[in-house]
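Shown next, in structure tokens, is the structure this report addresses.
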Number of protein chains: 2
Amino acid sequence: MSEPTDCGPSCPTLGATGLPELADLAVLVRSTVADVADRHDLTPMQGRLLCLLLDGPLRMAELARRLGVEKAALTGLVDRAERRSLVERRAVPGDRRAVLVALSDAGTSAVSVFHADAADALDAMLGDLTEEERAAFRRMAATVVASASASASASAVG
Amino acid sequence: MSEPTDCGPSCPTLGATGLPELADLAVLVRSTVADVADRHDLTPMQGRLLCLLLDGPLRMAELARRLGVEKAALTGLVDRAERRSLVERRAVPGDRRAVLVALSDAGTSAVSVFHADAADALDAMLGDLTEEERAAFRRMAATVVASASASASASAVG
DNA sequence: TATTGTTATACTCTATAACTATA
DNA sequence: TATAGTTATAGAGTATAACAATA
């Protein structure tokens, strides 16, 4: 009989989901954010979409790129968000093919409370770590995300 | 005009997805695991399902609980995995209502390579951290996940 | 011709409610 | 009656391919 969990000295321990700690953490973060979104009557994806628009309107193509979905999928996401009056489509002066997606007033209100609550919930998730650990953890998370973005850009260029 | 990203001294910086570092990290982990699953012709959810069965067969109810989905949703997940010959439904001696879900031979092969590749990919994701940082990071991730599981059990009991 | 976005289609994942079979 | 699981239904999210309009 094989022993699936005994895969060598560097084998990541099987956690709650049978995957490495990092995968378990991601599942936990996801469900935490999903709960917050749910309390604000948003889907998790709508939460992400609205958060991306906090800094200003974006074109469909750019939004799709940042969300990591195909443009055809984004059409549906924006359709549903627009139907719920969270965002609006605007024309781009000078290019009649393009579409700018912007937060509506309702979307702006919704996303500010959602963003604050999500940040609080994720903060609370780290409650068992010391202040120093939390800071280190966030810094390392940011490092990892940044280096991943960097290699993504690099492979897109090269 | 409001400045959505300026929400006070403890405001988590808007990252790649407009959410805190932890949310960005979760998105990154998710997409990394999804890529690995895709290379093995699995959906990410099938990957999780199979990993949970690595330690042995589980009942539908227990599997649903561990995956964090409703039992009705699990029926579909198991249907599709069974249709692809990754898992099989077995009878539970002594309770003819119950169903045990077990890895098939094909599922066992599939999950071992998937699990190893996912672990490697997540390891590689931490490549920009030092050895000590990686260890600390994994330990903190495990702590956070464990304390979340603990409070989940506590609220289920109390 | 190339680019921007939408439509058409098909799937996975998910929840809720109603149901069947068994305990 | 209570529990284990399925069926029915509806909707979100996703990809691929084909398309329209504009550049």
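Lettering of chains follows the sequences in order, A, B, ..., and the numbering in each one begins at 1. The figures that follow rest on heavy atoms only: side chains count, while hydrogens, waters and symmetry mates do not.
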Using whole Å, what does the distance between atom P of nucleotide D:dT14 and atom CD of A:Q46 come to? 11 Å
5'-most contact on DNA chain D (nearest-nucleotide basis), A:R96 vs A:R80, goes to A:R80
Whole angstrom is fine here: how far is it from CG in B:L77 over to P in D:dG5? 14 Å
B:E70 CD to D:dT7 P, in whole Å, measures 17 Å
Contacts of type ring pair (Phe, Tyr, Trp, His ring centres under 6.0 Å), residue A:F114, not counting sequence neighbours: none
Could you give the CG-to-C1' distance, from A:D35 to C:dA15, as a whole number of Å? 14 Å
Nearest-Å distance for atom pair CG/P, residues A:D41 and C:dA15: 16 Å
Would a distance-only check, ignoring hydrogens and angles, find a side-chain to backbone donor-acceptor pair under 3.5 Å from A:R30 to B:A26? no
What is the distance, rounded to the nearest whole Å, between atom CG of A:L86 and atom P of D:dA12? 12 Å
For residues 62-75 of chain B, pull every pair meeting salt bridge (Lys or Arg N to Asp or Glu O under 4.0 Å), keeping only residues two or more places apart or in separate chains. B:E62-B:R65, B:E62-B:R66
So, using salt bridge (charged side-chain N to carboxylate O under 4.0 Å, His left out) as the criterion, who are the partners of A:E82 when residues are at least two apart? A:R89
For A:E132, check salt bridge (charged side-chain N to carboxylate O under 4.0 Å, His left out) against everything at least two apart and list the hits. none
Students should find that the hydrophobic cluster of A:V113, defined by side-chain heavy atoms under 4.5 Å apart, otherwise consists of none
Atom CZ of B:R48 and atom P of C:dC13 are separated, to the nearest Å, by 11 Å
May I ask you to list the residues sharing a hydrophobic cluster with A:L100, side-chain cutoff 4.5 Å, ordered by chain and number? A:V92
Rounding to an integer number of Å, can you tell me how far B:L49 CG sits from C:dT12 C1'? 13 Å
Name all residues meeting the salt bridge (charged side-chain N to carboxylate O under 4.0 Å, His left out) criterion together with A:D123; count only those two or more places apart in sequence or in a different chain, and write none if there are none. A:R138
To the nearest 10 degrees, what angle separates the axes at the start and end of the helix from C:dT1-D:dA23 to C:dA23-D:dT1, five pairs each? 20°
Quick one: which protein N/O atoms are closer than 3.5 Å to N/O atoms of nucleotides 4-10 of chain C? Pair and distance per line, please.
from, atom 1, to, atom 2, distance (Å)
C:dG5, OP1, A:V99, N, 2.9
C:dG5, OP1, A:V99, O, 3.2
C:dG5, OP2, A:A61, N, 3.0
C:dG5, N7, A:K71, NZ, 2.7
C:dG5, O6, A:K71, NZ, 3.1
C:dT6, OP1, A:R89, NE, 2.9
C:dT6, OP1, A:R89, NH2, 3.2
C:dT6, OP2, A:T75, OG1, 2.9

Crowding at CZ, B:R134 (>12 non-hydrogen neighbours, <6.0 Å): yes
